[in-house]
There are 4 protein chains.
Amino acid sequence: MSQNSNITDRDNALFEAGIKLGALYHQFTGSPVNLNTVQSLERAIEQSISVQPFVEDITVSINRDMVRSNLNDEFGYCELEGRMLDVRIGVRYGLAKVEVALDFDAELEYPLMQILSVE
Amino acid sequence: MSQNSNITDRDNALFEAGIKLGALYHQFTGSPVNLNTVQSLERAIEQSISVQPFVEDITVSINRDMVRSNLNDEFGYCELEGRMLDVRIGVRYGLAKVEVALDFDAELEYPLMQILSVE
Amino acid sequence: MSQNSNITDRDNALFEAGIKLGALYHQFTGSPVNLNTVQSLERAIEQSISVQPFVEDITVSINRDMVRSNLNDEFGYCELEGRMLDVRIGVRYGLAKVEVALDFDAELEYPLMQILSVE
Amino acid sequence: MSQNSNITDRDNALFEAGIKLGALYHQFTGSPVNLNTVQSLERAIEQSISVQPFVEDITVSINRDMVRSNLNDEFGYCELEGRMLDVRIGVRYGLAKVEVALDFDAELEYPLMQILSVE
């Protein structure tokens, strides 16, 4: 199987950036978390995804207000949900550099993944 | 947050296709499987990912030979690994249609995700 | 590392039953789903967990009403959440047979795992 | 649904301990990792599982030799696999305290979960 010859660095950079967001989301959502452990989870997610190919930079922040309001009254923790995540990833492939994001879109009520910029 | 205006349907189609492959991989690898259950897992993965935005078609096949050789002698099952997966996904975004794949690359010893074609 | 000699079949059956519920929950929650695909996901989860050691029977049902009310307006699907799951698992270990469950507890607002019976 | 009256604290402690090991395993295996990021992943797993009900103590260590030998030649990382994990969890339920473990069993070639002690 070989790639079509008209596929560019830009194409591959965007494809790779999508892979990283999809991977991050489905690997780490569901993790038990509370306000004391949220920071170690953020750092571990950043470090984990940063080892994947073509990732140049990544920041992960988890919305503390959503964690707080989701804590179970009886047990004092919640699960990491996609809508709690605010992620920026920079991917470089060959000469192309792209920036993508995952953010909760309140209007769509959806954790939206978007392309921010392409160079 | 708004997208840069120079981002095209082609860009978004490739980004979305990457998201689906990353999601599929990190959602379903690790699932217990044997030769009797491999088909129901293939169909469930296909159906699950097919409900995500912009997916036009998807086929998932799990390598039976790898499953067979990975079965634990004592317990008779194994876990779904990325290298067992052969996946094709077609994504349409606006006027762009792309085809992407996940396949085990024996030379790289790596479950490789690739862009197959862009229209 | 060897087990303490005072550990019984009953102990191991309950430990194994817990493992299966924890595995099921964290493997499959997060899977994209809608009302057309919910049944294939139920069957795949049942079949996947059934291959693990000591599982004698398993039924998985996903609450359609919760799926329906969680469908995203724009994209028409949702993610499998723990509270949507109604699971019964029977585990046999040596002479012991136990029945465990995962059910949404509305009062605790929590997907509760419980021991139903021990023989 | 109510629990059978002959179910003891010991029963529940072992059931809960199993849940934690199954959850840990299926939540975090598959995470991308290399030798630079392995420690942050260990700490995040410990902290994440420690917030769950009835967990009294937990230690997670990831086998560096296995990580090193699994690193992909081309891309320099691997995925966390169950057999890389060495986990001890102490669970208290009522008057019962149990200690359980996940360890790679070289003879069975299997990441074995076991009850170590019950008090």
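Below, chains carry the letters A, B, ... as their sequence lines are ordered, and counting in each starts from 1.
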Where does Val100(A) contact chain B at under 4.5 Å (heavy atoms): side chain, backbone, both or neither?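 Interface part for Val100(A): side chain.
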Side chain, backbone, both or neither: which part of Glu99(A) has an atom under 4.5 Å from a heavy atom of chain B?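 Contact with chain B involves no heavy atom of Glu99(A) at all.
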Determine, stepwise, if the pair Ile19(A) / Tyr25(B) fulfils side chain to side chain contact (heavy atoms under 4.5 Å, CB included). CA-CA 9 Å; Ile19(A) 292 170; Tyr25(B) 193 101; over 6 Å; no
Looking at His26(A), Gln27(A), Lys20(A), which one has more heavy-atom pairs under 4.5 Å with chain B than the rest?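 Counting heavy-atom pairs under 4.5 Å, the top option is His26(A).
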Side chain proximity check, Phe15(A) to Leu21(B), heavy atoms < 4.5 angstrom: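 Yes, close enough: below the 4.5 Å cut-off.
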Can you give me the closest heavy-atom contact between Val118(B) and Ile7(A), atom names plus distance?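 Residues Val118(B) and Ile7(A), closest heavy atoms: CG2-CG1, 4.2 Å.
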Locate the shortest heavy-atom distance separating Asp11(B) from Arg10(A); write the atom from each residue and the value.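 Heavy atoms of Asp11(B) and Arg10(A) come nearest at OD2-NH2, 2.5 Å.
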Output the distance between atom OG1 (Thr8(A)) and atom CG (Leu14(B)), rounded to the nearest 0.5 Å.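 Taking OG1 in Thr8(A) and CG in Leu14(B), the distance rounds to 8.0 Å.
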For atom CD of Glu109(B), is the number of surrounding heavy atoms from other residues, nucleotides or ligands below 6.0 Å larger than 12?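 Atom CD in Glu109(B) is not packed in, count stays at 12 or less.
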